[in-house]
Amino acid sequence: MAIENFIAYNPTRLHFGKGVTETLGETVRQYGKRVLLVYGKGSVKKYGYYDKVLEQLVRAGLSVREYHDIKPNPVVDDVRKAAALGKVNNIDVIVALGGGSVIDSAKIIGISIANDIDPWRFMTWQEQPQKSVPVITVLTLAATGTEMNAAAVLQNPETDQKVGFVHPVMYPKDSFLDPSFTVTVPKDYTAYGIVDLIAHAFEAFFGGGEPSVVDKITLAIVKDAMEWGPQLLNDLQNVELRANIMLDATLALNGLTSYGKTGGDWGVHALGHELSLLYDMPHGATLSIVYPAWLRLQAERIPKRIQKLGEGLFGTPDIEKTIQLLEDFFAALGSPVHIGETEIDTSKKEEILNQMNKNQVSGMVHSLNNDDRKRLVESMM
Ligand code: NZQ
Ligand code: ZN
């Protein structure tokens, strides 16, 4: 019931809808002439989004340098190289064209250049940025919410970590969300995106505080995604369905679902990051495995909250039924709900547990100990 004290702040200007990138060039020009264009492994070239964006930048008279090949589950090394390139060329503004991996990398490139500090020092919270090179995003995959939040997640294979950093200077200045840029996202990543946005709503729901209206909004976002998501998977080119999921994903993690809360829990994400780190598993796929296990662990600890979730989503206060229905929903999307369904051999149980214990992964509100992590891994297999 309690509404926790909170500050609402979100400076990102969101441009949503078909054709919005037609004003990209003039928007970017407001921030300077020298652009660093960042993108991933090639999908944007293959499907023509790169051409559209480049045409905008060239027509606006901007000079463009590029850093590409950002990998899914992005690594700090790419961010270092891109920041070095940006510095040498004295860039004024970064344009990130892609999904969460590209946009997260761009955010950290922006603060690394502006503060002349190694990116990993931010990711490990040893430094706070004073400022950032402005970041403008063109989103091609609906999932993370990074287009309208101040967070970024990176991996460092050398230190064996996948971690997040959040700072208000990292909000994108402008984000362009044209749902037609997402019609080419393959079926599996479309499903992972739906899982991810639902998981963001859940992380907020299980955070501190119970603001009544925000609980209702949060569950409405999940219900909307549960309504349109399965239809979209049978009709991947449908721009209307893409638009619904795109807006759901932005709303799930742009701050709204944390109004009146102390913040989210994020324990499930932390556990999922260890699976991405070990096996390069796509982010959303880790979450459909971890969430049912986490809910089963929490069933006796926070029954009222899980009952509220069940009533809101499935019209039942029955906890086990709720978890089962959720698991069935993820499975029907084609996202794995057990590790055994992935390429990872179930004999890796010890390795997974050791990794999770090594990094002592836990939630911000619902803390986890070694015994909890053991139970979680058992139930994920
Ligand atoms: O590399 P390319 O060729 O671009 O291909 C990508 C990649 O293979 C492809 N793709 C993207 N848009 C496409 C497309 N393929 C066809 N058509 C398009 N329009 O999709 C693959 C996955 O891309 P990626 O950017 O990795 O996916 P996503 O957007 O799910 O981002 C995942 C990353 O975001 C982090 C995750 O941990 C993960 O590292 N997250 C960031 C958050 C944040 N900043 O707030 C919160 C999230 O919880 C999450 O942790
Ligand atoms: Zn996520």
Side-chain angles (χ1 to χ4, degrees), residues 12 38-50 52-53 68-76 78-79 96-108 123 135 137-156 161-167 170-172 175 177-204 236-237 239 242 245-246 249-250 252-255 257-258 264 266-277 280-288 290-291 335:
T12 301
V38 183
Y39 55 97
K41 292 261 177 204
S43 68
V44 297
K45 282 205 164 163
K46 184 172 173 192
Y47 297 115
Y49 313 126
Y50 170 89
K52 283 187 184 160
V53 164
H68 53 88
D69 275 347
I70 299 287
K71 71 176 273 306
N73 294 324
V75 290
V76 68
D78 272 316
V79 169
L97 170 62
S101 296
V102 168
I103 295 174
D104 283 6
S105 299
K107 289 176 176 178
I108 305 299
M123 299 312 295
V135 172
T137 84
V138 179
L139 186 67
T140 64
L141 195 162
T144 61
T146 186
E147 65 277 9
M148 202 177 179
N149 71 37
V153 184
L154 287 182
Q155 289 190 179
N156 186 342
Q161 285 168 289
K162 176 168 184 173
V163 287
F165 182 64
V166 188
H167 193 282
M170 284 165 31
Y171 281 101
S175 282
L177 277 62
D178 182 338
S180 73
F181 277 44
T182 66
V183 294
T184 51
V185 176
K187 195 166 183 173
D188 54 356
Y189 271 103
T190 303
Y192 303 149
I194 295 163
V195 174
D196 193 22
L197 87 86
I198 290 173
H200 295 156
F202 285 0
E203 296 283 16
L236 292 171
Q237 300 284 325
V239 181
R242 289 283 184 186
I245 293 298
M246 200 171 205
T250 302
L253 196 53
N254 71 349
T257 56
S258 290
W266 298 104
V268 170
H269 268 69
L271 293 156
H273 288 341
E274 301 301 321
L275 294 175
S276 290
L277 192 63
D280 217 11
M281 201 188 281
H283 175 61
T286 70
L287 302 171
S288 53
V290 182
Y291 243 117
S335 201

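This one's a predicted model, so the numbers in the text were calculated from it and none came from an experiment. In each ligand, atom 1 is the first atom listed, and ligand 1 is the first ligand listed. Just so you know, residue 1 is the first one in the sequence shown, and it goes up from there.
- Tested against Met170, the residues Asp104, Val135, Thr146, Ile108 include a single side chain to side chain contact (heavy atoms under 4.5 Å, CB included) partner, Ile108.
- Listed by chain and residue number, Tyr50, His68 satisfy the ring pair (Phe, Tyr, Trp, His ring centres under 6.0 Å) test with Tyr39 (two or more places apart in sequence, or in another chain).
- Ring planes of Tyr49 and Phe181: parallel class, angle under 30° (limits at 30 and 60°).
- Within 4.0 Å of ligand 1, heavy atoms belong to protein residues Gly40, Lys41, Gly42, Ser43, Tyr47, Tyr49, Pro72, Asn73, Pro74, Gly99, Gly100, Ser101, Asp104, Thr140, Leu141, Ala143, Thr144, Thr146, Asn149, Ala151, Ala152, Val153, Lys162, Phe181, Thr184, Val185, Pro186, Tyr189, Asp196, His200, Leu253, His269, His273, His283.
- Between the side chains of Glu147 and Thr12, not a single donor N or O lies within less than 3.5 Å of an accepting N or O.
- At least one side-chain heavy atom of His200 sits less than 4.5 Å from a side-chain heavy atom of His269.
- Side-chain contact between Leu287 and Asp196 is present, with heavy atoms from C-beta onward closer than 4.5 Å.
- For Lys71, the salt bridge (charged side-chain N to carboxylate O under 4.0 Å, His left out) test picks out Asp280, with sequence neighbours left out.
- Judged by distance alone, the side chain of Thr257 and the main-chain N or O of Leu253 form no donor-acceptor pair under 3.5 Å.
- The Zn ion (ligand 2) has Asp196 OD1, His200 NE2, His269 NE2, His283 NE2 as protein N, O or S atoms under 2.8 Å away.
- With contacts defined as side-chain heavy-atom distances shorter than 4.5 Å, the pair Leu154/Ser105 qualifies.
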